[in-house]
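Numbers here are sequence positions counted from 1.
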Amino acid sequence: MASLSDIVSKHLDAAVAEAGGVGYPPEDVARTMLAFVVKVYRENKPLDEIAAELRGVIENLDPDDEYTFMRP
C-alpha cells in the first residue's frame, strides 16, 4: 500500500512535469497548488487553524534550523 506522501508526491511531480512542458516554472505550480490546499482546508477547518498550520510551515522553512517540537 502506498503512503499518503507517495501518492501526493506522484501527483505533484506529474503536475510539475506537465506544467513545465507548456512553459510554467515549478514555482507557479507550487503557488497554484498552495491555493488549492488552502481551499481544501477552508472546507473543513476554521481560519485560525489554517493560519496556525501555515505559520508552522513558515517557522520551519529553513532545513538547517532545528525544528520546534511541542511536548505533551
Side-chain angles (χ1 to χ4, degrees):
M1 182 167 130
S3 72
L4 184 55
S5 291
D6 291 337
I7 294 166
V8 173
S9 180
K10 175 179 72 172
H11 290 283
L12 175 60
D13 291 345
V16 168
E18 184 177 350
V22 293
Y24 292 104
E27 298 81 18
D28 288 357
V29 176
R31 186 183 313 97
T32 303
M33 285 205 162
L34 181 57
F36 280 99
V37 166
V38 171
K39 178 184 174 195
V40 170
Y41 269 147
R42 290 181 73 185
E43 293 172 2
N44 299 299
K45 288 182 168 260
L47 295 179
D48 60 329
E49 285 184 26
I50 298 168
E53 182 87 25
L54 294 173
R55 273 191 299 277
V57 171
I58 291 166
E59 290 169 359
N60 293 294
L61 281 175
D62 188 345
D64 295 328
D65 281 350
E66 291 186 24
Y67 287 97
T68 304
F69 291 98
M70 293 179 59
R71 297 187 186 269

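- Atom CD of E18 is surrounded by 12 or fewer heavy atoms from other residues, nucleotides or ligands within 6.0 Å.
- A single hydrophobic cluster is seen to contain both V37 and L47, as judged by linkage of ILVMFWY side chains at heavy-atom distances under 4.5 Å, directly or through other members.
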What pairs of donor and acceptor atoms, side-chain ones from residues 23-36 against any protein atom, are under 3.5 angstrom apart with sequence neighbours left out?
from	atom 1	to	atom 2	distance (Å)
D28	OD1	R31	NH1	2.9
T32	OG1	D28	O	2.9

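- Between K45 and I50 the shortest heavy-atom distance is O-CD1, 3.7 Å.
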